[in-house]
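For reference, the structure discussed in these notes is given below.
The chains referred to below are lettered A, B, ... by the order of the sequence lines, with proteins before strands, and numbering in each begins at 1.
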Amino acid sequence: MPSYHPAAIEPRWQDYWLKNKTFRTPDPEAGGAGKPKYYILDMFPYPSGAGLHVGHPEGYTATDILARYKRMRGFAVMHPMGWDAFGLPAEQYAIETGTHPRVTTEKNINTFRRQIQMLGFSYDWDREVDTTDPNYFRWTQWIFLLLHDTWFDAAAKKGRPIAELPIPAEVKSQGEAAVRKYRDSKRLAYQAEVPVNWCSALGTVLANEEVIDGRSERGGHPVVRLPLRQWMLRITDYADRLLEDLDTVDWPASIQEMQRNWIGRSEGAEVDFTALLPGGGERTLRVFTTRPDTLFGATYMVLAPEHPLVPDLTTGNQMPAVTTYRDQASRKSDFERTELAQEKTGVFTGSYAVNPVNGKQVPIWIADYVLAGYGTGAIMAVPAHDERDHAFAVKFNLPIVQVVSPQDGAKIAEGAAFCEPGLARNSGFLDGLKTPEAKSRMIDWLEKETKGTRKVNYKLRDWLFSRQRYWGEPFPLLHEIGADGEPTGRIEPLDRAELPLKLPVLDDYKPSGRPEPPLGKATDWVEVQRDGTTWRRELNTMPQWAGSCWYYLRYLDPKNDQAFCDPAKENYWMPVDLYVGGAEHAVLHLLYSRFWHKVLFDRGHVKTAEPFKRLVNQGMILGEMEYTAFKNPAGAWVQPNQRDKEGVEAVRLNEDQVEKKGDSFVLKADPGIKVDARANKMSKSRGNVINPDEVVKDYGADSLRLYEMFMGPLEATKPWSMRGVEGVYRFLSRVWRVFMDDRAEEMKLNPQVTAGAPDAETLRALHQTIKRVTEDLDHMRFNTAIAAMMEYTNHLTPLASKPRAALEPFVLLLAPFAPHLAEELWRALGHAETLAYESWPSFDPALLVASTIEIPVQVNGKLRSKLVVAPDTAKEELEKMALADPKVQENLAGRAPKKVIVVPGKLVNVVG
RNA sequence: GCUGGAGUGGCGGAAUGGCAGACGCAGCGGACUUAAAAUCCGCCGAUGGGUGACUAUCGUGGGGGUUCGAGUCCCCUCUCCAGCACCA
């Protein structure tokens, strides 16, 4: 083995670790107990057909380094990996190629596993989980049944068994069917006829979170609204707890904020208006408002087009306009409603309602700026103090009455709404009150008059939990079929012992293009005879998020067939101490997981209220820096701001064709022309995707790992640079040469490696390095830890004698980062065993101190001289030396020093 | 528009309120070599002065402030990135 050759070293150690089960994690009762535990989790990947990209190993390397470090620090480390393998792409691919999703999924998993193992991660492969494995989704179904068996006790703020749900006497008196119906209406998993996001291209409904700008998150297909019977999960019941408990976790502020915004709690009141029906009679029209203090300024009302009272409230001559408007609105996607509807639209119903506070009649309109799904689907419009209402009132010439004035007496801008808090006016008993007091006074009045109540609303909606697809978990539920062949509405869960309910084998799993699930085609599977009754299985499947909601628990006990996880193991390992993954899961996966976890917590199956104690988001890795200039059709260079003009062509440039001028880059050949310099997201279409396989082939896994960590802080977005990979490869080669004789034919230590004692300077450098690497690891500052090791290597390289005592601890420091190389060097140094459980080197603070140090001396804050002194030189001594310094004298130019600041060991500043 | 984050050499990035630019890349010079690659050694923010060791001034997006001292703290402002966006 002459020189550093990762391709020869790395597969050998990967085999060694696998064969010896080096990273098998003992269960607590089998020797893990006694050690402190550390659960370090990666977001498991969806095994796509494209294979691993360089974004995956970024987070995985960070966690792997910490896992290896923590093991060496004596922790029992849980560090598992698995596959989030249900979901649309596998099914799409299956439809296109006629291959069963099971087959492609298995193939993709094998590719991912091979690629991940190729990077030398220290996962315990005996704990691998796969969400599509019946032994796994058996428990996903089990947890679904638990949700189905749970109702939310609002008083106790806690989920409880449905058997404990109090049944009102009048329901009980109506018999068993009524009781069942009542129970079904309170379960955390319930059915509802809801307008859903139907995507005909994908053949499924999507959750709100999966729809971006009116198009599907996957594939970008158009999405329309359609009413459909769906399974829902009552996540809104947990909104308050999901919000409050954010304060108990150590997560990035941005993610916490995104979750808070998503939950969107707002406090206000529900107010009942009396709507006067055109044909005579009255109806209660309930609205939600956060500004009950402005009730006197409510000059009209607006209902969502879908509001159920609209038909009753529409007068004969308004009917055609209202019908047309509702029709248009129903066909519009959310995208068209929001993006294209900057201009307010709406239609008058012809009816009026009575404002409860002043008895005035106000017109009732419908408009699509009011959303059916939020609050009550109706608003009281206060155009003077709400921008949207103001814009609508101006457009349709509705009255605007000001009922709040700015507290400082400032004038309200002409033609704008005043939305800040202020002082109430034109508001009867509220006049003169500040907005917060006015709000609560108004609510008190409403409650006394039984015309309204205090109310909290959330943007968060219940979670649409069913999909009309094949490749997902089947619902373990049976629908009773009556003698007429129609469902009776009675639903029974499968017995827990009947789980898992496997997917039927289907030749044709194509979506029909209509909202009927493909599982309906498996007629044998669908119909079940039981107790002399015919039952039909639920045909929907669960969404992809289901399996990922609880996988971190299954790792703890992946083979258990009695429970999703042994409580003793859960108790030992949970919570997850560190969870690393991309920010794209900020709201979806992380909110759903927290919700499920809280239900498990309420029902006594887990011991912690939150699953993930600490969360870190790795930043995105962009492609290489690109320099682009632009040419017009005549072939002349133009400025980048002309890029969108017709016929202008982008030209990729090399680094040496451009130069920096001022703030921007310009063409070297024509410095008047600016050049666009930026790194872009990696994408197939852009052709800037880096394949980890290639990098490993050319430089080895250790170089890839090290480079991804050396690029910059883990959380930062940063551009890829192949030259940077080469740089860390050179570093590893240099490390190799410090230890090994690279001229020798066979594996042989560098003859400079000696048994002698390190000199004082080397010892100090070593202990300095141990300190820096240790502290940097504790703070996840991988880039600076690597820099410290580079500096130490630079120190070792020129030494003619390289003492083992200075080398061995360094191998251990390097091991978490470049484990293959470190194992190889450890072996070469004569150790027979893996270094994975060697104890982490410690540093001696006494050895960190240099015999002399340099103290900068400033005059009036500017560096003028330096003193070379013993580290413990006293303050007075330093002051004396500084004042005596010729440079200081010169810069004082004869002035007497007014003040001398001395920070011992740090600096002297003479003010004169 | 709202929220969160970031602006430091040619590039990626370092800096408990105390020597700005650690470490790496690129570049330049040298050694080794018949030569190249690899490797090793040195230089490497800008401007001015000096043959030179050196030296002066400026310099962390921009403007103000606090401080003996600010990349770091405070106020204002600009730009970029990410997320949300008619949620009453």
Side-chain angles (χ1 to χ4, degrees), chain A residues 3 213 252-258 260-262 264 266 268 287-291 294 302 337-339 341-342 344 367-371 373-382 385-389 391-392 457-461 583-584 586-587 617 619-620 622 625 655-656 658-660 663 665 677-679 707 710-713 715-728 730-731 733-734 737 742 772 781 783-791 794 797-798 854-866 898-903 905-912:
Chain A
S3 56
D213 292 342
S254 61
I255 301 291
Q256 295 195 25
E257 207 46 39
M258 281 160 80
R260 283 197 187 97
N261 290 341
W262 193 266
S266 53
V287 301
F288 173 71
T289 177
T290 55
R291 292 294 300 272
T294 61
V302 186
R337 273 201 181 187
T338 57
E339 240 21 58
Q342 300 299 357
K344 296 268 181 293
D368 64 6
Y369 84 91
V370 173
L371 308 174
Y374 182 75
T376 61
I379 62 156
M380 63 178 213
V382 185
H385 306 292
D386 182 282
E387 275 172 38
R388 299 151 300 183
D389 297 345
F392 192 82
N457 244 315
Y458 302 93
K459 279 205 277 186
L460 182 71
R461 313 291 161 84
E584 67 271 20
V587 278
N617 287 124
M620 204 189 337
L622 305 173
M625 183 78 138
E655 214 182 317
D656 53 13
V658 301
E659 64 186 346
K660 186 105 178 202
D663 282 343
F665 281 88
R678 63 173 62 222
Y707 174 65
F710 189 58
M711 291 171 87
E715 298 91 331
T717 302
K718 41 211 178 270
W720 187 266
S721 158
M722 231 12 141
R723 280 178 172 155
V725 183
E726 238 170 86
V728 296
R730 278 203 289 265
F731 161 63
S733 307
R734 220 154 49 234
R737 285 192 300 271
D742 67 331
R772 285 171 67 185
R781 295 184 300 233
N783 52 336
T784 49
I786 294 166
M789 291 188 287
M790 286 174 166
E791 285 180 64
N794 292 343
T797 298
E854 256 186 6
I855 299 281
V857 181
Q858 299 178 337
V859 177
N860 293 328
K862 282 187 177 160
L863 179 71
R864 295 299 180 187
S865 182
K866 283 176 183 177
K898 288 185 199 137
K899 193 171 169 188
V900 181
I901 287 124
V902 183
V903 185
K906 277 282 177 197
L907 124 167
V908 181
N909 188 10
V910 180
V911 185

Which whole-number value in Å describes the distance from A:R772 CZ to B:rU16 P?
12 Å
Provide, to the nearest angstrom, the distance between the CD atom belonging to A:E387 and the C1' atom belonging to B:rC2.
11 Å
Given atom CE of A:M625 and atom P of B:rA26, what is their separation to the nearest angstrom?
16 Å
Within less than 4.0 Å of OP1 or OP2 of B:rA14, is there a side-chain N or O belonging to A:R781?
no
Syn versus anti for B:rG9, judged by chi lying within 90° of 0?
syn
Counting only side-chain N and O atoms of A:K718, is one of them less than 4.0 Å from OP1 or OP2 of B:rG24?
no
Can you find an N or O donor on one side and an acceptor on the other, under 3.5 Å apart, linking the side chain of A:K344 with the base of B:rC86?
yes
Rounded to the nearest angstrom, tell me the gap between atom CG in A:N909 and atom P in B:rG18.
13 Å
For B:rA6, take OP1 and OP2 only and decide whether either is under 4.0 Å from a side-chain N or O of A:T717.
no
Could you state the atom-to-atom distance from CG of A:N261 to C1' of B:rU3 in whole Å?
6 Å
Contacts of A:I786 and A:I255 projected onto RNA chain B by closest heavy atom; the upstream (5') one is A:I255
Name the residue closer to the 5' end of RNA chain B, choosing between A:Y458 and A:E726 according to the nucleotide with the nearest heavy atom.
A:E726
Side-chain N or O of A:R864 closer than 4.0 Å to phosphate OP1/OP2 of B:rU55:
no
Taking OP1 and OP2 of B:rC81, is either one under 4.0 Å from a side-chain nitrogen or oxygen of A:R678?
yes
Once you apply a heavy-atom cut-off of 4.0 Å, does A:G727 come out as touching a base, just sugar-phosphate, or nothing?
sugar-phosphate
Nearest-Å distance for atom pair CD/P, residues A:E584 and B:rG4:
22 Å
Please confirm whether the shortest side-chain N or O distance from A:N794 to OP1 or OP2 of B:rA22 is below 4.0 Å.
no
Distance under 6.0 Å and angle within 45° of the ring axis: does A:K344 meet both against A:F392?
no
Can you check the distance between B:rU47 and B:rC74, where both ends of the measurement are the C1' atom (answer in whole Å)?
32 Å
Atom CD of A:Q858 and atom P of B:rG18 are separated, to the nearest Å, by 11 Å
Taking atom C1' of B:rA88 as reference, at what distance in whole Å does atom OH of A:Y369 sit?
8 Å
Give a yes/no on whether any side-chain N or O of A:N783 is located under 4.0 angstrom from OP1 or OP2 of B:rG12.
no
Classify A:S266 by what it touches in the nucleic acid, base, sugar-phosphate, or nothing, heavy-atom distance under 4.0 Å.
sugar-phosphate
Please work out if A:K459 contacts a base, only the sugar-phosphate, or nothing of the nucleic acid, heavy-atom cut-off 4.0 Å.
base
Just checking A:T290: base, sugar-phosphate only, or nothing, at a heavy-atom cut-off of under 4.0 Å?
sugar-phosphate
Could you tell me whether the phosphate oxygens of B:rC68, OP1 or OP2, come under 4.0 Å of any side-chain nitrogen or oxygen in A:K862?
no
So, is A:R260 close to the B:rC84 phosphate, meaning a side-chain N or O under 4.0 Å from OP1 or OP2?
no
Contact class for A:P252 (heavy atom, under 4.0 Å): base, sugar-phosphate, or nothing?
nothing
Euclidean distance, A:M625 CE relative to A:E655 CD, rounded to 0.5 Å
8.0 Å
